[in-house]
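Quick note on labels: first sequence line is chain A, next is B, and so on, each numbered from 1.
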Protein chains: 2
Amino acid sequence: MDRIEECISFQLGKAYQQITRRAREALAMHGITPVQYATLCVLWERDGLSCADLCARLILDSATMTGIVDRLETAGCVERRRGPDGDRRLSRVYLTASGNTLREPLQAAMDAMNREIDAHLGQAAGAVRRALTAIGASSREAT
Amino acid sequence: MDRIEECISFQLGKAYQQITRRAREALAMHGITPVQYATLCVLWERDGLSCADLCARLILDSATMTGIVDRLETAGCVERRRGPDGDRRLSRVYLTASGNTLREPLQAAMDAMNREIDAHLGQAAGAVRRALTAIGASSREAT
DNA sequence: TACAAGATACTTGTATGCAAGATATATGAA
DNA sequence: TTCATATATCTTGCATACAAGTATCTTGTA
């Protein structure tokens with residue numbers, strides 16, 4: 001394990017870097033970043049989630065989530081609402097009309113990219129997906 | 001591809017996030033970050049490289065490299081030297097005694113982690129490594 | 001030689017990502 | 001009721017990561 005290029009942690013990081021770069025380019029014309037897309041994705045599936053819900057789903061720190069929602073709100077894609085009735089600590093995140101309009105083009109772009117990666121992997125795609133999911137889940141419950 | 005968890009780009013990102021977290025914990029006692037370790041790794045193999053050499057090897061932006069070398073220099077692991085003889089644009093990065101002392105414990109910690117990941121992947125390790133390397137290399141030359 | 005073009009490192013601005021802590025709110029026990 | 005504790009979000013500080021631009025130096029060419 002002398003050369004850094006032979007470390008699986010390095011290989012994983014560079015693969016991630018490359019995919020992120022391509023996603024950034026694919027989404028740039030809409031002014032959305034990859035992480036912002038992931039956040040919108042969860043909201044398209046179920047609107048009005050709290051920041052804590054989004055953090056759990058996207059496996060992100062609450063400090064990171066605050067900034068992401070801040071920028072999505074500034075961009076006019078979502079808005080925070082703190083219900084005067086419910087728990088006033090919670091700030092629920094709701095899609096705006098603009099946020100919903102982005103769904104079709106963004107999902108089309110990202111689906112195309114993900115399909116391309118799968119095609120690139122060929123028969124190994126299933127094994128790679130299982131391996132990545134296993135690594136991602138490993139010892140997260142042990143924390 | 002409705003749920004973000006099913007996108008390979010998301011799975012890749014979360015696997016990377018998990019590995020980075022473990023590497024950060026393994027290196028924290030030495031005050032070194034994962035990227036700083038990768039930089040030292042390259043220098044242990046060949047000392048006195050320029051920033052451009054390090055950028056090419058680690059596939060990083062020169063702006064990122066400046067900050068990493070800054071912090072390694074502040075930590076006393078390396079020092080920059082601009083030869084009065086050679087190309088004065090170049091600033092070569094040299095390991096200090098302290099930087100060399102870190103080699104054994106850091107490589108031991110990271111080798112153990114990488115072996116653990118490989119063991120976790122089992123028979124799929126080879127295919128996963130090849131897939132990650134292929135993704136990492138894809139269309140980088142096309143830029 | 002003198003200048004255009006390229007290379008090298010650095011700076012600035014923005015966006016994650018996490019650690020640590022602050023603030024406001026809710027909830028349970030005494 | 002009242003206070004300790006827990007929760008949800010936000011703030012601050014630091015470390016990547018990249019885009020865009022700057023300053024300095026080198027080199028090829030007229």
Side-chain angles (χ1 to χ4, degrees), chain A residues 9-10 13-25 27-28 31-39 49-56 58-75 80-93 136 140 143, chain B residues 9-10 13-25 27-28 31-39 49-56 58-75 77-78 80-93 136 140 143:
Chain A
S9 51
F10 182 83
K14 292 305 142 181
Y16 168 69
Q17 187 181 40
Q18 179 65 13
I19 295 305
T20 301
R21 186 178 73 76
R22 293 190 45 189
R24 197 167 38 240
E25 289 169 358
L27 299 172
I32 292 294
T33 65
V35 175
Q36 289 168 9
Y37 166 78
T39 305
L49 292 175
S50 69
C51 288
D53 292 334
L54 292 170
C55 286
L58 297 172
I59 315 175
L60 284 176
D61 193 85
S62 75
T64 304
M65 204 67 238
T66 297
I68 293 167
V69 175
D70 278 351
R71 287 178 283 274
L72 281 175
E73 198 166 26
T74 300
R80 285 179 173 93
R81 270 187 248 150
R82 306 182 96 101
D85 44 330
D87 190 328
R88 290 221 304 286
R89 289 170 304 180
L90 257 93
S91 99
R92 295 192 175 281
V93 183
R140 195 148 57 219
T143 305
Chain B
S9 52
F10 182 83
K14 291 305 141 180
Y16 168 69
Q17 187 182 41
Q18 178 66 14
I19 295 306
T20 302
R21 186 177 73 76
R22 292 190 46 188
R24 198 167 38 241
E25 289 169 359
L27 299 172
I32 294 294
T33 66
V35 175
Q36 288 168 10
Y37 166 78
T39 305
L49 292 175
S50 69
C51 288
D53 292 334
L54 291 170
C55 287
L58 297 172
I59 314 175
L60 284 175
D61 193 85
S62 76
T64 303
M65 203 69 237
T66 297
I68 292 166
V69 175
D70 278 352
R71 285 178 284 275
L72 280 174
E73 198 166 27
T74 300
C77 299
V78 304
R80 286 178 171 94
R81 270 186 248 150
R82 305 182 98 102
D85 43 331
D87 191 329
R88 291 220 303 287
R89 289 170 303 182
L90 259 92
S91 101
R92 295 191 174 282
V93 182
R140 194 147 59 218
T143 306

**Message:** Working note: A:T39 + A:L60, criterion side chain to side chain contact (heavy atoms under 4.5 Å, CB included); need CA distance, chi angles, decisive distance, verdict.
**Reply:** CA-CA 10 Å; A:T39 305; A:L60 284 176; 5.5 Å; no
**Request:** Give, for atom OH of A:Y37 and atom CG of A:L27, the distance between the pair rounded to the nearest 0.5 Å.
**Result:** 8.0 Å
**Message:** Distance check needed: D:dT9 P versus A:R81 CZ, whole Å only.
**Reply:** 15 Å
**Asked** For B:S91, which contact category applies under a 4.0 Å heavy-atom criterion: base, sugar-phosphate, or nothing?
**Response** sugar-phosphate
**With A:R24 via side-chain contact (heavy atoms from CB on, under 4.5 Å) - residues at least two apart** = A:T20, A:R21, A:P34
**Prompt:** Base, sugar-phosphate alone, or nothing: which one does B:T20 contact when heavy atoms must sit under 4.0 Å apart?
**Reply:** nothing
**Message:** Regarding B:R82, tell me which of base, sugar-phosphate or nothing describes its non-hydrogen contacts under 4.0 Å with the strands shown.
**Reply:** sugar-phosphate
**Item:** Reported CZ-to-SG distance for the pair A:R89 and A:C51, which is rounded to 0.5 angstrom
**Value:** 13.5 Å
**Asked** Between the two end axes of the helix from C:dT1-D:dA30 to C:dA30-D:dT1, each built from 5 base pairs, what angle do you get to the nearest 10°?
**Response** 10°
**Fill in**
Distance col, row A:I68:CD1 vs A:Q36:CD, nearest 0.5 angstrom, shows 7.5 Å
**Prompt:** Residues in side chain to side chain donor-acceptor pair (under 3.5 Å) with A:S9, at least two apart?
**Reply:** B:N114
**Message:** Expressed as a whole number of angstroms, how long is the span from B:D87:CG to D:dT26:P?
**Reply:** 5 Å
**Complete:** Minimal heavy-atom distance between B:F10 and A:L58, with the atoms involved, is CE1-CD2, 4.0 Å
**Message:** Mind checking if A:R80 touches a base, just sugar-phosphate, or nothing, with heavy atoms under 4.0 Å?
**Reply:** sugar-phosphate
**Request:** Look at the side chain of B:R81 and the backbone N and O of B:V93, then say whether any donor-acceptor pair between them is shorter than 3.5 Å.
**Result:** no
**Message:** So does B:R80 get a backbone contact from the side chain of B:E73, meaning a donor-acceptor N/O pair under 3.5 Å?
**Reply:** yes
**Message:** Test of understanding: with side-chain contact (heavy atoms from CB on, under 4.5 Å), list the residues that count as partners of A:L49, not counting sequence neighbours.
**Reply:** A:V42, A:L43, A:R46, A:D53, A:L54
**Message:** Test your reading of the model: is there a side-chain donor-acceptor pair from B:T74 to the backbone of B:D70, 3.5 Å cut-off?
**Reply:** yes
**Nucleic acid footprint by protein, nucleotides 13-24 of chain D - heavy-atom cut-off 4.0 Å, B for base, S for sugar-phosphate alone** = --SBBBB----B
**Prompt:** Which nucleotide span of DNA chain C, 5' end to 3' end, has atoms closer than 4.0 Å to non-hydrogen atoms of chain B?
**Reply:** C:dG6 to C:dC18
